[in-house]
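Convention: sequence-line order gives letters A, B, ...; per-chain numbering from 1.
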Amino acid sequence: MLKSIGCGEVRAEHAGAQVTLAGWVHRRRDHGGLIFLDLRDSTGLVQVVAFPEDAGFATAESVRSEYVVQVQGEVARRKEGTENADLPTGEIEVRVASLRVLNEAETPPFPVNQDTEVAESTRLRYRYLDLRRERMQRNIRLRHRVVHLIRNFMSSRDFIEVETPVLGLATPEGARDYLVPSRVHPGSFYALPQSPQQWKQLLMVAGVDRYFQIARCYRDEDLRADRQPEFTQLDLEMAFVEQEDILRLTEDLYQHLAAEVGGFTVPAEFPRLTYAECMERFGSDKPDLRYGMEITDLTNDVRGTEFQVFTRVIEDGGRIRAIAVQGGADISRRGLDALTEVARENGASGLVWVQFTGEGPLDGITADDIKTPVSRFFSPEDLAGLGAACGAKRGDLLLIAAGADAMTSRVLDVLRRQLAEERGLADPDTLSFLFVTEFPMFEYDEDHERWSAVHHLFTSPFTDDLGIVESDPGAVRSHAYDLVCNGQEVASGSIRIHSRDVQMSVLRALGLSMDEAMLKFGHMLEAFTYGAPPHGGIAPGIDRTVALFARERDIREVIAFPKTKTASDLLMGAPAAVTAEQLKEVHVDLNAAAREHLAKQASEDEVEA
RNA sequence: GGCCCCGUGGUGUAGAGGCCUAACACGCCACCCUGUCACGGUGGAGAUCGUCGGUUCGAAUCCGAUCGGGGUCGCCA
């Protein structure tokens with residue numbers, strides 16, 4: 001080894017010892033007559049000091065930020081009064097006996113030694129330097145730790161890790177596939193897995209009754225802060241289980257992770273809410289439970305009133321729903337207009353607000369203490385009643401949306417989240433986990449005029465609903481469940497269908513013909529005829545999980561080499577054109593549009609060069 | 001695919017028709033400095049304002065296109 005100890009590991013107890021250090025020059029402080037170097041490696045920072053009489057002094061004068069150097073010297077206690085309490089190594093310093101430059105370094109394109117804001121594209125272009133910075137070092141090390149904890153936990157529960165192919169078969173359902181052309185089979189393509197779903201179910205049939213895998217998944221869809229074209233899941237599956245077994249295992253895992261990582265408040269027991277309950281109380285299937293503002297149904301409270309905006313909606317089968325915003329009476333007229341605009345953008349024709357000023361309960365509140373555009377239609381008593389129904393006090397704001405459930409849910413969910421954000425209601429140190437259960441089996445796809453699976457087509461419908469799978473798909477409940485945390489879906493799973501007949505019925509409900517079903521899923525249907533055990537599983541997103549524990553909002557911050565929004569790799573320059581020879585080998589011809597695009601790109605590159 | 005935001009020395013920002021021969025901080029370079037730790041001091045170099053085109057007597061600034069990055073809706077079983 002080129003070093004005898006890590007920079008960050010040197011302590012007062014080493015005083016007097018000879019050490020060899022190697023690392024990057026974090027910072028140089030040249031006082032003319034003496035030079036300090038902060039030397040950095042993965043273990044931390046240590047101060048190296050060189051005096052003019054030291055052999056390494058001339059070299060110390062010449063080194064620059066990010067030079068890679070090796071230092072030999074004696075550990076010494078710092079002079080009294082010069083200790084640095086902010087550094088674990090702050091009691092000591094290393095007096096240079098020799099200093100060797102292992103490699104020089106260009107001035108980096110952005111500061112490596114401080115956590116300054118840098119354009120993300122620049123960070124990605126020089127990711128190897130970005131990763132050298134403290135924040136990213138912390139994140140990728142946390143990621144390792146979390147994955148390590150997961151592997152140990154799964155092993156301790158008798159799961160075995162099995163690798164499954166990356167080159168597989170395209171499926172007609174779900175996300176767009178990444179395709180890989182076959183050289184050996186002209187005109188045929190592999191698809192990269194959207195998840196190892198089918199493989200893990202086949203492993204269940206194979207008698208591997210407790211499987212897991214840290215699996216890379218690929219989906220060719222547009223990206224977001226929490227979505228990458230390739231991402232990592234803890235994929236797991238168990239045979240002979242019921243939903244409760246999977247949920248308990250998942251909760252145990254996350255309790256374990258939270259306890260080991262530390263620093264977060266986590267519910268003692270993860271609440272379980274049905275999908276219907278979530279939509280009713282929060283308007284979302286991934287509610288943030290760190291704050292209140294639950295939705296209240298006011299339909300019956302306003303049924304007989306004069307206000308036709310409400311009564312007409314009720315006649316049309318809609319409902320009147322509201323949230324109470326604690327302390328919201330101080331929101332300005334302009335702020336209220338902005339909230340109304342948000343409601344409109346999400347499909348509402350308007351938003352009724354009521355502000356209760358003053359303090360204390362709403363009983364006996366007078367018109368003077370109520371601000372609302374609908375005062376003509378409601379008495380102060382009526383409005384107080386509505387407020388009380390939502391749990392409001394004086395000083396609070398009531399926001400009322402009227403219309404179809406889908407719209408009012410969306411509007412109140414968006415408002416709830418926005419207000420929580422604006423008013424800082426979400427505790428950053430709380431991880432508010434919950435399970436959402438009883439997802440509907442199907443949803444209607446307006447664009448393609450057919451039913452599609454909400455979770456996926458291997459999800460088991462409720463036994464009680466098997467009779468209506470094909471006659472009334474919209475009413476079928478499924479054994480699909482999510483783990484949700486702080487308004488984000490972190491895991492998703494289900495109990496699977498293990499019967500060929502049920503699977504065929506679901507495929508028919510999705511509008512797949514027998515021929516198509518056999519072509520795309522014949523292998524699954526066949527496997528199910530050979531004694532498939534009842535089974536189920538879940539797939540927590542590793543990127544999102546690590547981001548939660550790292551307090552990062554963007555999963556790109558916990559991925560070593562992420563892609564941009566347009567799925568390109570700024571460091572390597574992928575994707576890129578390949579040679580005509582390579583295309584020929586895989587029997588691929590580019591169409592005119594693709595050729596034109598490449599030509600244009602090439603000419604732009606020339607201009608730059 | 002729609003909508004929105006951003007693009008100015010190496011980095012982060014300011015500049016919003018003529019005051020710009022583009023400002024500030026950090027960084028960089030040189031010199032000075034024996035106890036700093038975001039060391040300090042003095043001096044200096046460095047951007048034609050993403051690209052292309054247009055409007056104008058005049059464009060970093062206005063308009064259009066385009067490229068790149070980001071957000072969001074669709075999409076993501």
Side-chain angles (χ1 to χ4, degrees), chain A residues 26-39 45-54 57 61 64-66 78-87 89-90 93 106-126 129-130 171-177 194-195 197-198 217-229 231 342 345-347 410 414 439 441-443 445-448 451-459 478 480 489 492-494 506 510 539 541 553-554 556 563-566 568 570 597 600-601 603-605 607-608:
Chain A
H26 188 69
R27 216 180 287 277
R28 186 176 68 108
R29 288 180 295 281
D30 185 346
H31 287 244
L34 87 167
I35 297 174
F36 298 103
L37 298 179
D38 288 340
L39 196 63
L45 280 181
V46 68
Q47 175 166 284
V48 171
V49 61
F51 289 89
E53 59 270 30
D54 294 334
F57 188 77
E61 278 185 308
R64 294 292 180 269
S65 283
E66 301 309 312
R78 293 197 190 181
K79 275 190 186 171
E80 210 173 318
T82 66
E83 300 92 344
N84 184 349
D86 297 334
L87 240 51
T89 59
E93 62 194 3
E106 294 291 326
T107 302
F110 51 81
V112 172
N113 57 15
Q114 50 177 288
D115 186 27
T116 49
E117 283 290 312
V118 178
E120 204 179 348
S121 51
T122 309
R123 293 174 56 200
L124 293 180
R125 166 80 180 75
Y126 300 96
L129 294 178
D130 189 36
T171 49
E173 287 281 311
R176 199 174 292 119
D177 288 309
Q194 295 173 28
S195 80
Q197 184 61 37
Q198 295 189 36
C217 308
Y218 307 85
R219 295 179 188 175
D220 189 2
E221 296 291 347
D222 286 350
L223 308 180
R224 290 283 194 288
D226 60 354
R227 291 195 328 228
Q228 281 274 301
F231 60 98
V342 168
E345 282 163 8
N346 285 280
R410 186 171 58 243
V414 170
F439 274 83
M441 181 72 199
F442 303 102
E443 65 192 342
D445 179 345
E446 302 281 352
D447 291 344
H448 299 93
W451 291 93
S452 68
V454 169
H455 182 59
H456 60 54
L457 51 76
F458 303 109
T459 302
S478 75
E489 176 195 318
S492 191
S494 63
V506 166
L510 292 170
R553 167 178 290 255
D554 190 327
R556 289 186 297 254
K563 295 195 167 44
T564 68
K565 203 189 137 132
T566 52
S568 23
L570 259 27
H597 187 79
K600 205 169 125 195
Q601 244 178 10
S603 71
E604 271 162 16
D605 289 350
V607 170
E608 274 173 41

### Task
Classify the side-chain pair A:R29/A:Q47 by whether it contains a donor and acceptor separated by less than 3.5 Å.
yes

### Query
Between B:G35 atom C1' and A:R28 atom CZ, what is the distance in whole Å?
16 Å

### Query
Rounding to a whole Å, what distance do you find between A:L37:CG and B:G35:P?
16 Å

### B:C24: pairing nucleotide in any strand, Watson-Crick or G-U under 3.5 angstrom
B:G12

### Query
How would you label the contact of A:T564 with the nucleic acid (heavy atoms, under 4.0 Å): base, sugar-phosphate, or nothing?
sugar-phosphate

### Task
Answer yes or no for this row: A:H31 ring on B:C39 base, centroids under 5.5 Å, planes under 30°.
yes

### Query
With both distances under 3.5 angstrom, what nucleotide forms a Watson-Crick or G-U wobble pair with B:G7?
B:C67

### Query
Rounded to the Å, how far apart are A:I35 CD1 and B:C37 P?
16 Å

### Query
Can you tell me how far P of B:C29 sits from CD of A:E61, to the nearest Å?
13 Å

### Summary
To the nearest angstrom, the CD-C1' distance between A:E443 and B:G74 comes to 13 Å

### Message
Nearest whole Å is fine: how far is B:C4 P from A:K565 NZ?
### Response
13 Å

Show the distances under 3.5 angstrom between N or O atoms of the protein and N or O atoms of nucleotides 6-12 of chain B.
residue : atom : partner : partner atom : Å
B:G10   : O2'  : A:P109  : O            : 2.5
B:U11   : O4'  : A:P109  : O            : 3.4
B:G12   : OP1  : A:A119  : N            : 2.6

### Query
Which base sits across from B:A60 as a Watson-Crick or G-U pair, both distances under 3.5 Å?
none

### Message
If I pick the P atom on B:C26 and the same atom on B:A38, what distance separates them, to the nearest angstrom?
### Response
15 Å

